[in-house]
Amino acid sequence: MIINLIGNNLASWMIAATLAPYPQFTIQIMGDKTTAAYPPIQSVLPLFKQFLKRAKIDEAEFSRQVMCQPLLANQILTQAPNQVVNPLTDFAHARWFGFCQTGAPLGPASFAHLYSQVAGQNTQINEFSDYALGTQLAKQGQYIAPNLNPQSILSTYEQGYIIEVDSFINFLSTKLTNTKRIQPSNLTNTEAACDLRIDCRTPKRDAASQAIQTICWQCQPPDTKRLKFSKQIQLTEHGWLLAVKSQTEAKQINYQLNLSNPVELPQADIKKLVQLYSQCPANNAILDKSINLIAAVKDTPAAFSQNHIVLGHDWLTANSWAISSIDVLSIFTTSLLDCISLSNTPELFEQAFIEQYQTKLDSLIRYQQLLTDALNGTSNDTIALFLASGRIKQLDPDLIHPDWSAGLLMNLGCYPKADSPFVSQLSTAQILKHLEQISLVLQRTSQYK
Amino acid sequence: MRTVSQPKRIKSIVILGGGTAGWMTAAALSRALKPDNIKITLIESDKIGTVGVGEATIPHIRTFNAMLGINEAEFIKATQATYKLGIQFCGWGSADSDYFHPFADFGKSFENIEFQSLYQKARQAGLTLPLDAFSTAIAASRQNKFCQPDTLPVQLLNNFSYAYHLDATAYAQFLRRYAEKLGVIRIEGQLETIQTRLPDGHIQALILDNQAKVEGDLFIDCSGFKALLIGQHLKVNYQNWSHWLKCDSAIAMQSEQLSPLPPYTLSTAHGSGWFWQIPLQNRTGNGIVYSRDYLSDDAALAKLTHQLNLTEPNAINGPIRFTPGMRDQSWQKNCIAIGLASGFLEPLESTSIHLIQLSIFKLLELLPADTQYEAARDEFNSLVKTEYINVRDFIILHYALNQRHEDFWQACRTMALPSSLQTKIDLFKTSGYLTQKQQGLFFKPSWQSVLFGQGITPKAHDPKADKLSNQQALDWVQTYLSKQMQTVDKMPLHQDWLKQTGVLNR
Ligand SMILES: Cc1cc2nc3c(=O)[nH]c(=O)nc-3n(C[C@H](O)[C@H](O)[C@H](O)COP(=O)(O)OP(=O)(O)OC[C@H]3O[C@@H](n4cnc5c(N)ncnc54)[C@H](O)[C@@H]3O)c2cc1C
């Protein structure tokens, strides 16, 4: 089976990687390598592991060869009006949430309920995120690899990654020695003779998306410890600001300021913003035009005709604060692999693929929406149910574990009604003792490291 | 001026009905709630009795029992239970077909290639065995063997799960003892009238034939098919699915225990429905399910008696009438329906007790502190409905895929299917592709067993499997088969296992 991937970019290399374990597929990447990937550093959710598994890429090899660091948690910095927070030193407002189970239930009482009960009683207790090993490690700049043994406390969290995209593409293109690369001049002849054609090129942007702007820069502030194993999101009066490091020991921090009010900025203003948010001179600030990833996947869905799939999404320039292009591509590639047996019957393929891909994508979009709504104090079905019952709405499929969503909501201050029928039969002393025991276990585990 | 009722703290839960649903609910609530916190009362009437059937289960019941902290051996002895590895279907598909639906996967995948594709390729290399030859659970069932998977040495295959066959009345009694010990109050009596609260129409109290008035904040309707609270009182609509599931009656009959003791339920199709056979330690539960449009009650009784090689009927229960379907909402106002009051799907895949259990688990997760529970109610209703529909489609599949020529079966074959099911079948026929849910019952192996078992062979296999040649695929499946034989050789007879583990009552 000959599969042509049109475009030489992140999307085509990730698709090629998932097909590569099957030597009976001839994969041809067509076109010149596009200019540098954007955003240059992306953070990916734990579902990335599925991509690695499907592509038969050894995780240890990946983390050795690609510029990346494990991601255990996100930090959100919110600021009081008119107050500028220094993202690197001012942690009073940092709220942490990760990919983990927080605490443990006590009988039928959920941990979120137990915590809400005592949090409302002026008792001195730790932050909610301190009862989750994954977030606690990230706060301390420590790392222990999670594992799958359900008996182990190390199975209470998962990890994502922060990845330097160019290095990831290089890794894939070096590894995939059997993937053919075809120059544009030979394109038409070769293209004619394929069984499946996937167009990975980025569509031309329309005028509206032109207006959205991101400023990217790198700099080296004095204290970068806090960005080990975590990414930082700050809500500023200009838009949201993302700070990440591609490697734990890197001195450089990569910033991305996504302006909520798209305007053409003169260089002097950019410099001011850079100075304001990173407190270091902008040695290499780039003004970039990018589009919102969520809008991109919604507005330009994948399209099909016969044996031809057009990805449609604006892969190379899309960004969001919760998910990344790599996350979306991980879903695309795994869905493609699942449905490939239908590729001879385009209508059925389209039906099955769209169902898989779109419903999984929707679950990521809901995650981003949950974060946005929780921060804005807006309600939605999931938040209303959580406030009423301490439970996360169950949807199928959901790539976001209910524990992660519950952690996100709790850490952003959305607590369920305190008087759960199961919690009210426990005394405050019993609950506090339970919390203390959890703290002890977590402490021992992180010290053991 | 519109009066807005204040949310009321839930201090008392009343369960109406003491069948399997009622006592399972009472046991679970009493495990989770202390009686001084929330009082739990169960009303039942010995005069009315229970439906008295419902003896085959699926593995999820073990999670339920574990949640209650029930000792497995005690439970098995008390309920005359035997182990169950799956269901054998005879005469479904074509009149002479015979296949199993095990609680297990088929074979073993190779790297990222699913076993189904390897099996399809192996057939191209000359393999003639059916798919269900590649299941440890089925191979053991065919030899009446059983042991718990985790007792097998690691080098053998333990890729199966198990459930039970049980005496439903004994199970309800077992749970009654459990729940009463934990403070559940049982009231004997028949419901006569229902008092409602103004202005919201919530149920306030149940008045019984002995004039007792039982007040509560939340009412669980476990009154069986009568659905006294959710249906008769609150008038929640019942969606009727009989255009897809045409059987509407059943007669149950008991017979002697079987020897050797099979570790599986047997479902045998007949001209206008099917028979069940459920082996217990002390007897066998049997029954006939049929459509009165195609078979009269008398003819059904005669057919069942003949099937059991009896000269005359013995210990009959029925005819039991039912309408397949479910309530539009299982939770309405302060009333939650669980069990037959909430819906009914025929017992072809032994799913009713599971649906009861699902409702109980969801209720426990969402149990509100007060009567302001709209978000919890909507979530509960949506989850219960999704699961009913999943199960419904899977059961319809058995009827739709048949090659029999009786009128009943022809009508089943030509009926229009729910579109989700039709798509699923079409996708499978073309390519062997199966859509997969992440949650709920019936994952790929279940669908594979019925689709292959009832004669659908996909036109193509997954091209990923072409990484191996047909011969290599054949070698792979044969290697699996020999390991499976070694495993089953080591397993004792089902009966012996019950004896060895000290749970056989005889
Ligand atoms: C033919 C058949 C075979 C089945 N086989 C299986 C199977 O193999 N596996 C499986 O999982 N499920 C099976 N089921 C379903 C299973 O039997 C039921 O789901 C299960 O028994 C639960 O029933 P229930 O408790 O809801 O109702 P019931 O058992 O009918 O209980 C109703 C209760 O309500 C009480 N009640 C009724 N009216 C009043 C009143 N006016 N006042 C006071 N109390 C009242 C009764 O006394 C009784 O206690 C089968 C069902 C049928 C019909």
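What you see below is based on every heavy atom in this structure, not just the backbone, and it leaves out hydrogens, waters and symmetry mates. Proteins come first, then strands; the chains are lettered A, B, ... in the order of their sequence lines, and each starts at number 1.
If you measure heavy-atom distances from A/F386 to chain B, you find no contacts under 4.5 Å at all. Residue A/K393 touches chain B through both its backbone and its side chain, counting heavy-atom pairs closer than 4.5 Å. When heavy atoms are compared at a cutoff of 4.5 Å, A/L337 approaches chain B by way of both its backbone and its side chain. Heavy-atom distances place no part of B/S117 under 4.5 Å from chain A, backbone and side chain included. For A/Q24, the part lying near chain B is the side chain, with the backbone staying farther off; criterion is any non-hydrogen pair under 4.5 Å. Neither the backbone nor the side chain of B/K11 has a heavy atom closer than 4.5 Å to any heavy atom of chain A. Both the backbone and the side chain of A/P421 come within contact range of chain B, with heavy atoms under 4.5 Å apart. Proximity to chain A (any heavy atom under 4.5 Å) is shown, for B/P463, by both the backbone and the side chain. Contacts of B/L364 with chain A are made by both backbone and side-chain atoms, with heavy-atom separations under 4.5 Å. Residue contact with chain A, scored on non-hydrogen atoms closer than 4.5 Å, is absent for B/R31. If you measure heavy-atom distances from B/E111 to chain A, the contacts under 4.5 Å come from the side chain alone. For chain A, the nearby part of B/L383 is the side chain; its heavy atoms alone come within less than 4.5 Å. If you measure heavy-atom distances from A/I392 to chain B, the contacts under 4.5 Å come from the backbone alone. Both the backbone and the side chain of B/A32 come within less than 4.5 Å of a heavy atom of chain A.
With values rounded to the nearest 0.5 angstrom, A/S424 atom OG is found 11.0 Å from B/I10 atom CD1. Atoms CZ and NZ, from A/R54 and B/K464 in turn, are 6.5 Å apart once rounded to the nearest 0.5 Å. For the atom pair CD of A/Q394 and CD of B/Q439, the computed distance is 4.0 Å after rounding to the nearest 0.5 Å. Note that OG of B/S431 and CD1 of A/I340 are 11.5 Å apart. Values are rounded to the nearest 0.5 Å. For the atom pair CG (B/N112) and OG1 (A/T18), the distance works out to 10.5 Å, reported to the nearest 0.5 Å. Put simply, CD on A/Q351 and OG1 on B/T423 are 5.0 Å apart, with the number rounded to the nearest 0.5 Å.
Closest non-hydrogen pair, B/N37 versus A/Q425, comes out as ND2-OE1, 2.9 Å. The minimum heavy-atom distance between B/D426 and A/L348, with the atom names listed, is O-CD1, 4.3 Å. Summarising the geometry of B/D462 relative to A/S341, their closest heavy-atom pair is CA-CB, 3.6 Å, with the distance given to 0.1 Å. Here the shortest heavy-atom pairing between A/K417 and B/Q372 reads NZ-O, 3.5 Å. Looking at every heavy atom in both residues, A/Y22 comes nearest to B/K467 through CD2-CD, 4.1 Å.
Most heavy-atom pairs under 4.5 Å with chain B, from the set A/A384, A/G107, A/A388, A/P21: that is A/P21. The residue among B/D378, B/I113, B/T430 with the most heavy atom pairs within less than 4.5 Å of chain A is B/T430. Contacts with chain B were tallied for A/L387, A/L19, A/D398, A/T359; A/D398 has the most, counting heavy-atom pairs under 4.5 Å. Heavy-atom pairs under 4.5 Å with chain A were tallied for B/K34, B/E379, B/E374; the largest tally goes to B/E379.
Heavy atoms from other residues, nucleotides or ligands lying under 6.0 Å from CD of B/Q116 number more than 12. Within a 6.0 Å sphere centred on NZ of B/K39, heavy atoms belonging to other residues, nucleotides or ligands number 12 at most. Heavy atoms from other residues, nucleotides or ligands lying under 6.0 Å from NZ of A/K49 number more than 12. Enclosure of atom NZ in A/K180 is not indicated, since only 12 or fewer non-hydrogen atoms of other residues, nucleotides or ligands lie within 6.0 angstrom.
Formation of a donor-acceptor pair under 3.5 Å by the A/D396 side chain with backbone atoms of B/K437 is not found in this model.
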Exercise for the section: Carefully, step by step, assess A/L385 and B/L366 under the rule side-chain contact (heavy atoms from CB on, under 4.5 Å). Expected result: CA-CA 9 Å; A/L385 179 65; B/L366 296 163; 4.0 Å; yes
